[in-house]
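Values below: all heavy atoms of this structure, side chains included; hydrogens, waters and symmetry mates excluded.
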Amino acid sequence: MTEVRFYLLDLDYRFRSGKTEVRLWGITDEGKRVVLFDSSLRPYFYVVTEKPEFLEPSLKDVPGVGGYELKQVKLFGKPVNAFKVYVSNLDKLESVAKTVSKLDGSSGVYEDDLRHSQHYLLDYDVRPCGWHVVEVEKVDRDGLKVDGAYKVLTPPKAIEHVGRVAFRVLAFYMVPLPSKGSPKPERDRIACLAVRTNDGLEKVLDSERLSEREVLQRFIEIVDEFDPDIIVGYGTNRRDWEYLVKRAKINGLVLKVGRDGAEPHRSLYGHISIAGRIALDLYDYAEDIPDIKIKTLENLASYIGAEVKAEPLEEPDIAALWATSEGRRRVLEYSADRCRLVMEAFEEFIEYGCQLSNLVCIPLDHVCTAAVGFRVESYLMKCSRLFGELIPKRVEKPYRPYAGAIVLNPKPGLHENIAVLDFRSMYPNIMMKYNVSPDTYVEPGVEVDPEKVYVAPEVGHRFLKKPDGFYREALRRLLEARAEVRQKLKGLNPESAEYRVLDARQRAIKVVTNAVYGYAGWIGARWYRRPIAEATTAWGRETLRKTIEYARSIGLDIIYGDTDSIFVRYDEDKVEKLIRYVAEHEGLEIKPDAIYVRIIFTEAKKRYAGILTDGRVDIVGLEAVRGDWCEAARRIQREVIKIILETGSPDRAVEKARDLIAEVKAGKVPLRELVIWKAITRPIEEYRVRAPHVEAAKRLIKMGWEVEPGDKVGFVIVRGSGKLYDRVQPYQFVKQEDVDYSYYVENQVLPAVLRVLKVFDYDRSSLETVRQKGQMRLF
DNA sequence: GCGCCCCCAATACCG
DNA sequence: ACCGGTATTGGGGGCGCG
């Protein structure tokens, strides 16, 4: 018997010699790559019953049931009896559960909808991207690409951090050679494949110097020799892995890159899995960053501050470039550069990814693709075990909207010295304060001593004051963990490795904390309870109203407010007084978040721009920060805002605006700045209207390009007659001379600029005419 | 046939 | 495949006008 300390990379399971065997893929504290086999968890599900003695005889007779035990568990906080039913053959679990659910005396089956590996993570003290200690015995298991294989004798135990894990990381970037439109693996071969490892290997496999078969062969060999723990790329879940697998097949090869010799495969959740390794797609990372409007690798690179060295290429140009030796050189350079960017972005991401994976208990490759709701849910599932809560099924419920937050009408104009006061984590703290939780909710009609419940304003939902609800406990753990991490951060050097880890940890905790309220109101949630979300926003509105009322009563001038914030004319003493009041009377923390030296409000809510004490300009909600306005309009609006905020003089902004507008009018703007990007949100045939971006998408599709929901299409408005949708072209096909500049002036730049200038009583006539040498020049 | 008004679908933002 | 609140644009229909 030996003791092994290991970091868990990934886990999967197999049916093997009559048992369901979980495979834990990890790295030991000695840097050995290992796999641990654990067959101790028998597949199971629960059946809830009111009359166990009535259900038991028939349960006994159900074929496939391999034992059961009666348990006291909870369902939405309500104690219930349930049999934990073991099933010897995992494949039969579904059908056995179905049979059992129909037995007389059954009040429903639970947890039959969880995968075996999920049960393993829930029931054992095991977390992905975390360290564990385990008692094992060495076994022989051929054909696995590991330094050691072990049988688990007693289930692993999570332990505190042992040391840094030194992952072996391989980045790759594939360039296909499309013949028409989007590249198709059945038709179009690979041009080149750039590979790079974090121990210094850099290679571009060129299908001109080698054959495509040799390129793929070499790639498989590199994976085999280097034996990476993580393989990372950009757009790999959606395209590259499937492409490589298919091209390999066409070339008579099998893309054996798994540590068990298997090919990559698509998992139940949509991402690509590679046995024993983590397949990461940084596209998913980019998707999580709202500041990146168009999710290209270049934009991700510039977001993280990485330098793009090779000239970006457009996919339609690849084939033509590949035909010449000079062009080919450029493609090769491009792929190598992109591969480097993938590796740099990986470095930026990995700490956060691991922390998130560990926190919510979803393996790293899957946590990246998982939507926020599922991350929260996974966290709650792990917490639910501490409560003896059964995990509810996802059941379809009708959508019923409910009231949300308050937004105040701003006072339009230019204001000076404005402080923004924010509630710290308002919704999570409200949920904790009033014990808002699925298991403390008292249904209408149930009689309870009014002293024992909190009653939400406006909506009247009731929640037991005691005991602590499941959400209260789950949120408390998050808030306390974050506070603890932030405390530790204070004493650390921001450059240190430990700081980076802990900072990533606190960011991960924050993301999950802030999503719990939204989760509770999501009809797809296992723990969906509309009254929970409804009560939370009701208390939120009440809290903000009371705060505003008090602020006014002490003479603070309120300029604006949204959900959990108020903007007031900064008066230090009064602000202090307000903070104390909120702490004492609401039990919540409000803090000055920012102070604007100057701030502009239009008539509209959720749109303003201000300059901070350090000179930074903040733009919120306006066209300048929207991805669906062309860059020219955004840039000119940004310029106007900047001048007004820095100088306080709208006049000067108007002058500058005239010049910039004249440039657009004269066509002195790069085409790139005229592209309008809009997302396609559904299959194209489902659109009921002829919108410009939809027409642009249709044109792309006609030319062999794939446009799927979630993709953004870039289009330009060209000269001609008819509706806009008659004059729209995908930007790739537009020549500068065809551009309809007057559209851009009238419908993009002027609206964006006037939005701001109207606040100062300018209208389009102030921008329209430019007096020059005594002459009127009209647009 | 044209301009005007209103409504609606669609998108992206804020917190 | 996280919530509700919000602003905005462009399409399209109905209406009056002559």
Side-chain angles (χ1 to χ4, degrees), chain A residues 269-270 287-288 290-291 293-294 369-377 380 394 396 399-410 420 422-428 431 511-530 532-538 540-541 544 560-567 593 602-608 618-630 633-634 676-682 686-695 697 709-710 712-713 717 722-728 743 746-748 751-752 754-755:
Chain A
Y269 310 102
E287 285 231 297
D288 266 6
D291 282 357
K293 309 286 178 190
I294 320 289
T369 57
V372 179
F374 294 103
R375 293 176 187 167
V376 172
E377 188 152 274
L380 291 176
R394 234 178 266 295
E396 244 181 83
Y399 169 74
R400 268 180 60 216
Y402 62 89
I406 298 177
V407 189
L408 304 186
N409 273 312
V420 184
D422 264 352
F423 279 89
R424 189 176 283 220
S425 303
M426 186 198 242
Y427 286 168
M431 292 172 90
V511 165
V512 174
T513 310
N514 289 342
V516 171
Y517 148 73
Y519 170 84
W522 169 41
I523 52 170
R526 290 177 188 271
W527 278 283
Y528 169 72
R529 285 278 123 125
R530 186 170 171 276
I532 289 174
E534 199 173 31
T536 303
T537 58
R541 291 191 297 275
L544 193 70
Y560 178 63
D562 184 351
T563 312
D564 61 352
S565 70
I566 54 172
F567 291 55
D593 187 57
T602 68
E603 306 263 335
K605 296 169 175 180
K606 298 190 183 275
R607 309 185 131 212
Y608 56 88
D618 247 1
I619 303 180
V620 179
L622 292 163
E623 284 76 3
V625 295
R626 292 182 63 98
D628 57 349
W629 285 71
C630 75
R634 302 168 61 186
I676 300 164
W677 292 89
K678 268 198 164 70
I680 292 298
T681 58
R682 62 192 72 173
E686 285 178 22
Y687 277 95
R688 284 180 278 174
V689 293
R690 300 190 71 179
H693 69 295
V694 179
E695 288 308 300
K712 289 204 174 177
V713 294
I717 304 299
K723 295 282 187 189
L724 271 194
Y725 58 69
D726 295 316
R727 301 193 285 122
V728 61
Y743 170 82
E746 296 295 326
N747 299 62
Q748 290 274 313
L754 284 173
R755 189 96 53 223

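Among the heavy atoms of the strands lying under 4.0 Å from A/Gly521 are primed sugar atoms or P, OP1, OP2 only; no base atom is included. Using a 4.0 Å heavy-atom distance criterion, A/Arg682 is classed as a sugar-phosphate-only contact. Looking at heavy-atom distances under 4.0 Å, A/Ala403 makes contact with sugar-phosphate atoms alone, never a base. Residue contacts for A/Gly518: at a heavy-atom cut-off of 4.0 Å it reaches a base atom on one of the strands shown. Counting any heavy atom pair closer than 4.0 Å across all strands shown, A/Ala533 reaches no nucleic acid atom. Within the 4.0 angstrom heavy-atom criterion, only backbone atoms of the sugar-phosphate kind lie near A/Tyr608; the bases stay farther away. Within the 4.0 angstrom heavy-atom criterion, base atoms lie near A/Arg626. A/Asn514 comes within 4.0 angstrom of nothing in the nucleic acid, heavy atoms only. Counting any heavy atom pair closer than 4.0 Å across all strands shown, A/Thr537 reaches no nucleic acid atom. Using a 4.0 Å heavy-atom distance criterion, A/Tyr399 is classed as a sugar-phosphate-only contact. Looking at heavy-atom distances under 4.0 Å, A/Val694 makes no contact with the nucleic acid at all. Within the 4.0 angstrom heavy-atom criterion, only backbone atoms of the sugar-phosphate kind lie near A/Ala679; the bases stay farther away. In this structure, A/Arg394 reaches neither bases nor backbone, as no heavy-atom distance under 4.0 Å exists between it and the strands shown.
Rounded to whole angstrom, the span from the CD1 atom of A/Ile676 across to the C1' atom of C/dT8 amounts to 13 Å. The distance from atom CZ of A/Arg400 to atom C1' of C/dC3 is 16 Å, rounded to the nearest whole Å. Computed from coordinates, the A/Lys723 NZ to C/dT9 C1' distance equals 13 Å when rounded to whole Å. Per the geometry, OH belonging to A/Tyr687 stands 15 Å off P belonging to C/dG11, to the nearest Å. Atom P of nucleotide C/dG4 and atom NZ of A/Lys605 are separated by 17 Å, given to the nearest angstrom. Computed from coordinates, the A/Tyr402 OH to C/dC2 P distance equals 13 Å when rounded to whole Å. Protein atom CD of A/Glu695 is 11 Å distant from nucleotide atom C1' of C/dG11, rounded to whole Å. Atoms CD1 (A/Ile717) and P (C/dT9) sit 14 Å apart, rounded to a whole Å.
Contact check, A/Tyr725 against C/dG12: a side-chain N or O comes under 4.0 Å of OP1 or OP2. In this model, the phosphate group of C/dT8 is approached by a side-chain N or O of A/Arg755 to a distance below 4.0 Å at OP1 or OP2.
Nearest nucleotide to the side chain of A/Ala371, out of C/dA7, C/dG11, C/dC2: C/dC2. Closest to the side chain of A/Ala515, from the set C/dC2, C/dT8, C/dC3, is C/dC2. With distances taken from any side-chain atom of A/Leu724 to the nucleotides C/dG11, C/dG4, C/dC2, the minimum falls on C/dG11.
Proximity of a side-chain donor or acceptor of A/Tyr687 to a complementary backbone N or O of A/Thr681 within less than 3.5 Å is detected. Between the side chain of A/Arg626 and the backbone N or O of A/Gly621 there is no donor-acceptor pair closer than 3.5 Å. Remark: the backbone N or O of A/Val625 is paired with a side-chain donor or acceptor of A/Lys293 at under 3.5 angstrom. Checking side-chain atoms of A/Arg690 against main-chain N and O of A/Glu695 turns up no donor-acceptor pair under 3.5 Å.
In this structure, the ring of A/Phe374 has its center no less than 6.0 angstrom from the ring center of A/Tyr269.
Residue order along DNA chain C, read from the 5' end via each residue's closest nucleotide, puts A/Phe374 first among A/Phe374 and A/Tyr743.
Taking both residues in full, the closest heavy atoms of A/Ala405 and A/Tyr427 are given as CB-OH, 3.7 Å, listed atom of the first, atom of the second, then distance. When all heavy atoms of A/Trp629 and A/Arg755 are compared, the pair lying nearest together is CH2-NH2, 4.1 Å. Scanning all heavy atoms of the two residues, the minimum distance from A/Ile532 to A/Ala520 falls at CG2-CB, 3.8 Å.
Contacts between chain A and DNA chain B, taken as any atom within less than 4.0 angstrom of a protein heavy atom, begin and end at B/dA10 to B/dG15.
Under the side-chain contact (heavy atoms from CB on, under 4.5 Å) criterion, A/Asn747 pairs with A/Tyr743, not counting sequence neighbours.
Here the separation of B/dA9 from C/dC2, taken at their P atoms, is 23 Å to the nearest Å.
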